Amino acid sequence: MICGERIRLRAIEREDLPRFVAWLNDPEVRHGLMMYMPISQAEEEQWFESMLKSPADQHPLVIEAITEEGWVPLGNCGLMGIDWRVRQAEFGIFIGAKQYWNQGYGSDVLQLILRHGFETLNLNRIFLRVFANNPRAAHVYEKAGFVAEGRMRQAHYAEGCYHDVILMSVLRTEWQARQVEN
Ligand SMILES: CC(C)(COP(=O)(O)OP(=O)(O)OC[C@H]1O[C@@H](n2cnc3c(N)ncnc32)[C@H](O)[C@@H]1OP(=O)(O)O)[C@@H](O)C(=O)NCCC(=O)NCCS
């Protein structure tokens, strides 16, 4: 487990899959994601089986929050495509339980995953892609120390419109400097 004060990140279990399917079929959740086709339980199971065959350090993790009912799953996050030579990885996240949006959980996840990326995996650069029409996500990333470094013009298409995709990254030295400041 990767533990914070009110959230923790744990491995995905087979029992999580129906919840993932429900979340990933929700248009509001998908708005910020690259998925554009409905997803079935069978497809999710297939994804799970291939994920198990990939290296453990690249597995996405379930985000759980402590509530009055105990630990509750909120969504999923991970560092993908780790390049061990350049020491970089791409971050991805979705909080599928929408009732938990805007309560600081996404920001908490960023704190935990950046520490994990830099201090456990010994990465040097963590980057992400965010759609220009997803200002909440861009704000959360900026607050966590990500810097916009590029803009892929009209690289996303949704609901009949093109949208830019913003590339953001944080370097290990930048992250370390913020730890000293805070
Ligand atoms: C993006 C996401 C991870 C953010 O997590 P969250 O828990 O909702 O975010 P937080 O509560 O930590 O922070 C939200 C911040 O965005 C701000 N915000 C909310 N709506 C906003 C908007 N339309 N424009 C700009 N900022 C906005 C809030 O005020 C808050 O800022 P503050 O902390 O400075 O007060 C989550 O909403 C989510 O999973 N969305 C669906 C999937 C998705 O878009 N994933 C990202 C793909 S790149």
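Just so you know, ligand 1 is whichever comes first in the structure, and atom 1 is the first atom listed for that ligand. Predicted model, so just to flag it, every value in this text is computed and none were measured.
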Aromatic plane relationship, F20 with F94 - under 30° parallel, 30 to 60° tilted, over 60° perpendicular: perpendicular

Show the nearest heavy-atom pair for residues A132 and I166, with the distance to one decimal. CA-CD1, 4.0 Å

Proximal atoms of ligand 1 relative to P135 (non-hydrogen, under 4.0 Å): 23 (N), 24 (N), 25 (C)

Protein heavy-atom contact under 4.0 Å for atom 24 (N) of ligand 1? yes

For S107, counting its heavy atoms only, list the atoms of ligand 1 lying under 4.0 Å from any of them. 10 (P), 12 (O), 13 (O)

G75 near ligand 1 by a heavy-atom separation under 4.0 Å: no

Among protein heavy atoms, which lies nearest atom 13 (O) of ligand 1, and at what distance? V140 CG2, 3.3 Å

Would you find a donor on one side and an acceptor on the other, under 3.5 Å apart, between the side chain of D26 and the backbone of W23? no

Return the residue, atom name and 0.1 Å-rounded distance of the protein heavy atom closest to atom 15 (C) of ligand 1. H139 CD2, 3.5 Å

By number and element, which atoms of ligand 1 are closer than 4.0 Å to a non-hydrogen atom of V29? 41 (C), 42 (C)

Are the side chains of L121 and H116 in touch, meaning some heavy atoms are under 4.5 Å apart? yes

Minimum-distance protein heavy atom relative to atom 39 (O) of ligand 1: I95 N, 2.6 Å

Counting non-hydrogen protein atoms only, what is the nearest one to atom 11 (O) of ligand 1? Give residue, atom name and distance. G104 N, 2.6 Å

Show me which atoms of ligand 1 lie under 4.0 Å from any heavy atom of G32. 44 (O), 47 (C)

In ligand 1, which numbered atoms sit nearer than 4.0 Å to a non-hydrogen atom of N102? 6 (P), 7 (O), 8 (O), 11 (O), 14 (C), 19 (C), 28 (C)

Could you work out, for atom 41 (C) of ligand 1, the closest of Y141, F94, Y105, W101 by heavy-atom distance? W101

Would you check whether K143 has a nitrogen or oxygen atom less than 3.5 angstrom from a nitrogen or oxygen atom of ligand 1? yes

Quick one: do D164 and R153 satisfy salt bridge (Lys or Arg N to Asp or Glu O under 4.0 Å)? Show the steps, please. CA-CA 4 Å; D164 294 350; R153 295 174 304 154; over 6 Å; no

Can a non-hydrogen atom of R129 be found less than 4.0 Å from any atom of ligand 1? yes

Any chance the rings of H163 and F131 have centres within less than 6.0 Å? no

Nearest neighbour in protein (non-hydrogen) for atom 20 (N) of ligand 1: R136 CB, 3.7 Å

Of all the heavy atoms in F131, does at least one lie under 4.0 Å from an atom in ligand 1? no

Considering only protein heavy atoms, determine whether one is less than 4.0 Å from atom 35 (O) of ligand 1. no

Just to confirm my output: which protein heavy-atom neighbour is closest to atom 44 (O) of ligand 1, and how far is it? N134 ND2, 2.8 Å

Within-cutoff protein neighbour (heavy atom, under 4.0 Å) for atom 17 (C) of ligand 1: yes

If we count only N and O atoms by modelled type, under 3.5 Å, do the side chains of E43 and S40 hold a donor and an acceptor together? yes

May I ask you to check if ligand 1 and G106 share an N or O to N or O distance below 3.5 Å? yes

Looking at atom 45 (N) of ligand 1, what's its closest protein heavy atom, distance included? I93 O, 3.0 Å

